[in-house]
Amino acid sequence: SAVLLDRAQMTVNFDHHQVNEGVCDLVCQVKDASSTCELLGAYLIDQGFSIPAPAATALFAGITTDSNRFMYDTARARCLRLAADLID
């Protein structure tokens with residue numbers, strides 16, 4: 001909500017959509033990603049975070065639904081590899 005954004009010391013926006021309003025301090029926008037969950041999952045793994053099973057399941061579900069079960073063109077090999085890593 002706007003109240004939370006106003007109170008935050010720093011805000012970050014992960015987005016895969018073509019249009020981004022840039023309302024946050026930092027924007028990580030990858031227009032050819034399958035989903036925001038792909039971006040978040042990749043970021044967490046790249047940064048060495050341990051992803052608990054419920055969070056990994058939620059990220060996998062987000063990737064699966066936003067990529068239309070990996071049928072959209074944005075479901076590239078990196079997306080499928082990340083999905084497998086989340087399952088592991």
Close side-chain approach of D15 to V27, heavy-atom, < 4.5 Å: no
Going by heavy atoms in the side chains, are V30 and H16 under 4.5 Å from each other? no
In residues 41-48, what donor-acceptor pairs under 3.5 Å come from side-chain atoms, sequence neighbours left out?
none

For C24, is there any backbone N or O sitting under 3.5 Å from a side-chain donor or acceptor partner on N13? no
Would you name the heavy atoms of L39 and A33 that are closest together and state the gap between them? CD2-CB, 3.7 Å
Transitive ILVMFWY side-chain link L40 to M10, under 4.5 Å: yes
Residues two or more places apart in sequence or in another chain: which of them pass side chain to side chain contact (heavy atoms under 4.5 Å, CB included) with A55? I51, P52
I'd like a table of donor-acceptor pairs (distance under 3.5 Å, sequence neighbours excluded) in which one partner is a side-chain atom from residues 69-86, with atom names and distances.
{"residue": "R76", "atom": "NH1", "partner": "D32", "partner atom": "O", "Å": "3.1"}
{"residue": "R78", "atom": "NE", "partner": "E38", "partner atom": "OE2", "Å": "3.0"}
{"residue": "R78", "atom": "NH2", "partner": "D32", "partner atom": "O", "Å": "3.2"}
{"residue": "R78", "atom": "NH2", "partner": "D32", "partner atom": "OD1", "Å": "3.1"}

Roughly how far apart are C37 SG and L59 CG, rounded to 0.5 Å? 5.0 Å
